[in-house]
Participant: 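First, the structure itself, so that you have it in front of you.
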Amino acid sequence: MRTLVIGDIHAGAQALPQVLERAGVKRDDLLIFLGDYVDGWSEAVETVEYLLKLQQDYQCIFLRGNHDDLCYHWLETGEHNPLWLMNGGEATIESYEKAGEEVKKSHISFYKSLRNYYLDNKKRLFLHAGFTNLKGVDFEYFSKTFYWDRTLWELALALDPGIAKDSIYYPKRLLHYSEIYIGHTPLSKIGKSVPHRAANVWNIDTAAAYKGPLTIIDADTKEFWQSDAVYSFYPGENGRN
């Protein structure tokens, strides 16, 4: 069984089957989705529908992204968050305006069922964004941190690789887990377009919402597969560019 980690999709539903095919996904693979299924391209509803069907035949773990939480809040309350609208929410609303009430209800259940993090038996942690508690995720005070935090990635990038793990200066956050897999912060911000490791943190967000591809990485071998640039599936759309 392979453990395959899938980065931020951002409603790029047409790129998803392509990258799954390129990865040669099999029924006994474990698929861990890092969140942010919506907000970006025009197929928010289609993306979630695809994931719901996928889990009928494959082993899937769906983690919660900040954009998923924003969408869930809107579906539940109808409240329009101006910041959300400016960051992909408008395209998501337009997508859901074409959907029936039963679809919306099933999607609300999907968003509600998302997990904040997943820890496997190899002490590998998977979550959308990060955590701040020095004792680890079990001691985090605010659950929103799991899908909003950027300080974990910032810390990993800034860490001097020369600091030994037994040093009093080594970040305690990083010692609890053999590896940490995140999305949330597009790697294009540091000029990268493939999965990138800093300390023991792997970032898989290859900017599918912007000009990049959707990415899958094998957590054991670090082999990875990518779709075509997601924007190429949606001519005439801006995504989050």
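This is a predicted model, so every value here is computed, not measured. Just the heavy atoms: all of them, side chains too, but no hydrogens, waters or symmetry mates, feed the values below.
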Participant: Give the cluster check for Tyr118 versus Leu125: same hydrophobic cluster or not, with ILVMFWY residues linked at side-chain heavy-atom distances below 4.5 Å.
Facilitator: no
Participant: As a test of understanding, state which of Val48, Ile9, Leu70, Thr47 forms a side chain to side chain contact (heavy atoms under 4.5 Å, CB included) with Val38.
Facilitator: Val48
Participant: Hey, does the side chain of Trp41 reach the backbone of Ala208 with a donor-acceptor pair shorter than 3.5 angstrom?
Facilitator: yes
Participant: Does a sphere of radius 6.0 Å around NZ in Lys189 hold more than 12 heavy atoms from other residues, nucleotides or ligands, not counting ones at 6.0 Å or beyond?
Facilitator: no
Participant: Between CG of Leu54 and SG of Cys60, what distance do you get to the nearest 0.5 Å?
Facilitator: 4.0 Å
Participant: Strictly distance-based, threshold 3.5 Å: is any side-chain N or O of Asp205 a donor or acceptor partner for the main-chain N or O of Ala207?
Facilitator: yes
Participant: If we ignore hydrogens and angles and just use 3.5 Å, is the side chain of Asn116 paired with the main-chain N or O of Phe146 as donor and acceptor?
Facilitator: no
Participant: Would you say the rings of Tyr177 and Tyr117 are close, in the sense that their centroids are separated by under 6.0 Å?
Facilitator: no
Participant: Is it the case that the side chain of Asp29 and the backbone of Arg2 share a donor-acceptor pair, with hydrogens and angles ignored and the cut-off at 3.5 Å?
Facilitator: yes
Participant: Taking side chain as C-beta onward, heavy atoms only, is Asp220 less than 4.5 Å from Lys122?
Facilitator: yes
Participant: If you look at every heavy atom in Ser232 and Pro235, which pair is closest and at what distance?
Facilitator: O-CD, 3.9 Å
Participant: For the side chain of Thr215 and the backbone of Gly7, is there at least one donor-acceptor N/O pair under 3.5 Å apart?
Facilitator: no
Participant: Could you go step by step and tell me if Trp153 and His196 meet the side-chain contact (heavy atoms from CB on, under 4.5 Å) rule?
Facilitator: CA-CA 11 Å; Trp153 180 235; His196 184 68; 3.9 Å; yes
Participant: According to the interplanar angle, ranging from 0 to 90°, do the rings of Tyr181 and Phe126 count as parallel (below 30°), tilted (30 to 60°) or perpendicular (above 60°)?
Facilitator: parallel
Participant: I need the minimum non-hydrogen distance between Leu83 and Asn81, along with the two atoms involved.
Facilitator: N-OD1, 2.9 Å
Participant: Are there more than 12 heavy atoms of other residues, nucleotides or ligands under 6.0 Å from atom CD of Glu90?
Facilitator: no
Participant: Can you see which heavy atom on Ile180 is nearest to which on Leu152, and at what distance?
Facilitator: CG2-CD2, 4.0 Å
Participant: Could you go through Glu21 and Gln18, starting from their C-alpha distance and side-chain angles, then the distance that decides it, and tell me whether this counts as side-chain contact (heavy atoms from CB on, under 4.5 Å)?
Facilitator: CA-CA 5 Å; Glu21 181 179 0; Gln18 183 187 69; 5.8 Å; no
Participant: We want to know whether Glu43 and Ser95 form a side-chain donor-acceptor pair, criterion being a heavy-atom distance below 3.5 angstrom.
Facilitator: no
Participant: Do the side chains of Leu85 and Val45 join up, straight or via other hydrophobic residues, at under 4.5 Å, putting them in one cluster?
Facilitator: yes
Participant: Counting only N and O atoms by type, is there a donor-acceptor contact under 3.5 Å from the side chain of Glu237 to the main-chain atoms of Ser42?
Facilitator: yes
Participant: Please walk me through it: do Asp39 and Trp84 pass side-chain contact (heavy atoms from CB on, under 4.5 Å)?
Facilitator: CA-CA 9 Å; Asp39 293 358; Trp84 176 54; 2.6 Å; yes
Participant: Considering all heavy atoms of both residues, which atom of Ala91 and which atom of Gly40 are nearest to each other, and what is their separation?
Facilitator: CB-O, 3.9 Å
Participant: Testing Phe110, Tyr147, Tyr50 for ring pair (Phe, Tyr, Trp, His ring centres under 6.0 Å) with Tyr37, which one passes?
Facilitator: Phe110
Participant: Let me check something: do Val103 and Ile108 share a hydrophobic cluster, defined by ILVMFWY side-chain heavy atoms less than 4.5 Å apart, either directly or through other members?
Facilitator: yes
Participant: Among Leu214, Ile216, Ile217, which residue satisfies the side chain to side chain contact (heavy atoms under 4.5 Å, CB included) criterion with Trp225?
Facilitator: Ile216
Participant: Report, as yes or no, whether the 6.0 Å neighbourhood of atom NZ on Lys104 holds more than 12 heavy atoms from other residues, nucleotides or ligands.
Facilitator: yes
Participant: Would you say Asp8's side chain and Ala209's backbone share a donor-acceptor pair under 3.5 angstrom?
Facilitator: no
Participant: How many angstroms lie between OG in Ser143 and CZ in Phe131, if you round to the nearest 0.5 Å?
Facilitator: 15.0 Å
Participant: Identify which one of Asp149, Asp68, Asp36 satisfies the side chain to side chain donor-acceptor pair (under 3.5 Å) criterion when paired with His128.
Facilitator: Asp36
Participant: Give, for atom NZ of Lys172 and atom CG of Leu134, the distance between the pair rounded to the nearest 0.5 Å.
Facilitator: 8.0 Å
Participant: Give, for atom CG of Leu75 and atom NE2 of His73, the distance between the pair rounded to the nearest 0.5 Å.
Facilitator: 10.5 Å
Participant: Is Val194 reachable from Ile190 through a run of I, L, V, M, F, W or Y residues, each pair having side-chain heavy atoms under 4.5 Å apart?
Facilitator: no
Participant: Would you say CE of Met1 has more than 12 non-hydrogen atoms from neighbouring residues, nucleotides or ligands within 6.0 angstrom?
Facilitator: yes
Participant: For residues His184 and Arg150, determine if any side-chain heavy atom of one lies less than 4.5 Å from a side-chain heavy atom of the other.
Facilitator: yes
Participant: Apply the test side-chain contact (heavy atoms from CB on, under 4.5 Å) to residues His80 and Trp74: give CA-CA distance (whole Å), side-chain angles for both, the deciding distance (0.1 Å), then the verdict.
Facilitator: CA-CA 7 Å; His80 285 204; Trp74 169 71; 3.4 Å; yes
Participant: Ignoring hydrogens and angles, tell me if any N or O in the side chain of Asn200 forms a donor-acceptor pair with the backbone of Leu174 under 3.5 Å.
Facilitator: yes
Participant: In terms of hydrophobic clusters joined by side-chain contacts under 4.5 Å, are Leu119 and Val137 together?
Facilitator: yes
Participant: Regarding Arg115 and the six-membered ring of Phe62, is the cationic atom NZ or CZ under 6.0 Å from the ring centre and inside 45° of its axis?
Facilitator: no
Participant: What heavy-atom pair brings Tyr170 and Ala199 nearest, and what distance separates the two atoms?
Facilitator: OH-CB, 4.3 Å
Participant: Rounded to the nearest 0.5 Å, how far does CG of Asn133 lie from CZ of Arg173?
Facilitator: 9.5 Å
Participant: Enter the distance from Thr3:OG1 to Leu30:CG here, rounded to the nearest 0.5 Å.
Facilitator: 5.0 Å
Participant: Is Arg64 reaching over with its side chain to a backbone N or O of Leu114, donor-acceptor style, under 3.5 angstrom?
Facilitator: yes
Participant: Please give me the minimum heavy-atom distance between Glu49 and His107, naming the atom from each residue.
Facilitator: OE2-NE2, 2.7 Å
Participant: Is there a donor-acceptor contact under 3.5 Å from the side chain of Ser227 to the main chain of Val19?
Facilitator: no
Participant: Counting only heavy atoms not in Glu76 (residues, nucleotides, ligands), do more than 12 fall under 6.0 Å from its CD?
Facilitator: yes
